[in-house]
Asker: 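Have a look at this one before I ask anything.
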Amino acid sequence: MRLLLMSDTQLPKRAKALPAPLLAELPRADVVFHAGDWVDAATLDLLESHSRRLVGVYGNNDGPQLRARLPEVAYADLGGLRFAVVHETGTAQGREARCAARFPDTDVLVFGHSHIPWDTTAPTGLRLLNPGSPTDRRRQPHCTYMTASVDDGTLTDVELHRLPLR
């Protein structure tokens, strides 16, 4: 099962459209994750219409229209793994322990907010993934997104994709 992970798209504030390499991943993905800060409903509509399955949440920059359509936290059981998606997890210091306590029955947590890619594993085994942002690199060298696979109850092939500078 192929996964596509993104967050903090913030259209049209940070870009006019999603980058072409990211859009090219949509037909290849069995499940698309979006960890919030869509900003516009058009992006949600686009991903809903072009994804086999979309698992998304709202973020702190998402207004009432998006909050009416999306949860604050989303859960999905995929191929024997328990996923959770949330926008914000707080400061980097202590993140693994905080998230492991908040999501004790979760194998993989997808989150956003910082625009900083993140891939760590808590002592409990919880894998934490932040795909960064495909449209707003902030202090990072590149805009980013992630892909991964679920194979027989195992998360594999986690890859951070760096987008060309605009």
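No hydrogens, no waters, no symmetry mates; every other heavy atom, side chains included, goes into these values. Keep in mind that this is a model prediction, so the values were computed, not measured.
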Asker: Are the charged groups of K13 and D136 less than 4.0 angstrom apart, N to O?
Answerer: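 Salt bridge absent between K13 and D136.
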Asker: Kindly write out the residues that satisfy side-chain hydrogen bond (donor to acceptor under 3.5 Å, both in side chains) with R162, not counting sequence neighbours, or none if the list is empty.
Answerer: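 Applying side-chain hydrogen bond (donor to acceptor under 3.5 Å, both in side chains) to R162 gives none.
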Asker: Once you round to the nearest 0.5 Å, how far does CG of D62 lie from CG of L70?
Answerer: 7.0 Å
Asker: Nearest 0.5 Å please: distance from the CE atom of M1 over to the OG1 atom of T156.
Answerer: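 The CE atom of M1 sits 11.0 Å away from the OG1 atom of T156.
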Asker: What pair of heavy atoms forms the shortest contact from A35 to F111, and how long is it?
Answerer: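 Minimum heavy-atom separation between A35 and F111: CB-C, 3.6 Å.
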Asker: Can you tell if the side chain of T89 reaches within under 4.5 Å of the side chain of L109, non-hydrogen atoms only?
Answerer: yes
Asker: Residues in side chain to side chain contact (heavy atoms under 4.5 Å, CB included) with A101, at least two apart?
Answerer: none
Asker: How about Y75 and V85: do any of their side-chain heavy atoms sit closer than 4.5 Å?
Answerer: no
Asker: Contact between V55 and V31 at the side-chain level, heavy atoms closer than 4.5 Å - yes or no?
Answerer: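 Yes, side chains in contact.
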Asker: Can you tell if the side chain of V73 reaches within under 4.5 Å of the side chain of R102, non-hydrogen atoms only?
Answerer: yes
Asker: Compute whether any side-chain donor of one residue and acceptor of the other, for D37 and S7, lie under 3.5 angstrom apart.
Answerer: no
Asker: State yes or no: do W118 and V86 share one hydrophobic cluster built from I, L, V, M, F, W and Y residues joined by side-chain heavy-atom distances below 4.5 Å, directly or via other members?
Answerer: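 Cluster IDs for W118 and V86 match.
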Asker: To the nearest 0.5 Å, tell me how far R95 CZ sits from N130 CG.
Answerer: 7.0 Å
Asker: Hey, could you give me the CG/CG distance between L3 and L78, rounded to the nearest 0.5 Å?
Answerer: 6.5 Å
Asker: Supply the atom-to-atom distance T9 OG1 to D40 CG, rounded to the nearest 0.5 angstrom.
Answerer: 7.0 Å
Asker: Check for me, please, whether L5 and L81 land in the same ILVMFWY cluster - side-chain distances under 4.5 Å, paths through other members count.
Answerer: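 In one cluster with L5: L81, yes.
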Asker: Please confirm whether the backbone N or O of V57 pairs with a side-chain atom of W38, one donor and one acceptor, at under 3.5 Å?
Answerer: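 Judged by distance alone, yes, a pair lies under 3.5 Å.
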Asker: Salt bridge or not between E72 and R67? Use side-chain N to carboxylate O under 4.0 Å.
Answerer: no
Asker: Residues two or more places apart in sequence or in another chain: which of them pass side-chain hydrogen bond (donor to acceptor under 3.5 Å, both in side chains) with R53?
Answerer: none
Asker: Any ring-ring contact (aromatic ring centres under 6.0 Å, His included) involving residues 80-100? Give me the pairs, sequence neighbours left out, ordered by first then second residue.
Answerer: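 Residue pairs with at least one partner in residues 80-100: F33-F83, H87-H113.
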Asker: For P64, does its backbone N or O pair with a side-chain atom of R69 as donor and acceptor, under 3.5 Å?
Answerer: no
Asker: Taking only residues two or more places apart in sequence, or in another chain, which ones meet L26 in a side chain to side chain contact (heavy atoms under 4.5 Å, CB included)?
Answerer: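 With neighbours one apart ignored, the set is L4, L23, V32, L47, H50, S51.
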Asker: Would you say that I116 contacts R138 through its side chain, given a criterion of any heavy-atom pair below 4.5 Å between the two side chains?
Answerer: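 No, every pair of side-chain atoms sits at 4.5 Å or beyond.
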Asker: Could you verify whether a donor N or O on one side chain and an acceptor N or O on the other, from E96 and T120, lie under 3.5 Å apart?
Answerer: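 Checked: E96/T120 side chains pair up, N/O donor to acceptor below 3.5 Å.
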Asker: Within this structure, what is the CD-NE2 distance for the pair E48 and H34, rounded to the nearest 0.5 Å?
Answerer: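 It comes to 11.5 Å.
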Asker: Side-chain atoms of residues 142-152: list all donor-acceptor pairs with protein atoms under 3.5 Å, sequence neighbours left out, distances to 0.1 Å.
Answerer:
residue, atom, partner, partner atom, Å
H142, ND1, L163, O, 3.4
T144, OG1, P131, O, 2.8
T147, OG1, H161, NE2, 2.6

Asker: Within a radius of less than 6.0 Å around CD of Q65, do more than 12 heavy atoms belonging to other residues, nucleotides or ligands occur?
Answerer: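 Check fails, neighbour count at 12 or below.
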Asker: With distance as the sole test, does D107 use its side chain to make a donor-acceptor pair with the main-chain N or O of R82 at under 3.5 Å?
Answerer: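 A pair under 3.5 Å: yes.
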Asker: In the structure I gave you, are the side-chain heavy atoms of L126 and T121 within less than 4.5 Å of one another anywhere?
Answerer: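 They are not in contact (no side-chain heavy atoms under 4.5 Å apart), so the answer is no.
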Asker: Just so I know, are the side chains of L54 and L44 near enough to count as touching, which here means a heavy-atom distance under 4.5 Å?
Answerer: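 Of all side-chain heavy-atom pairs linking L44 with L54, at least one is under 4.5 Å.
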Asker: Do L128 and L155 sit in one hydrophobic cluster, given that two such residues count as connected whenever their side-chain heavy atoms are within less than 4.5 Å of each other, even indirectly?
Answerer: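 Per the 4.5 Å side-chain linkage, L128 and L155 are not co-clustered.
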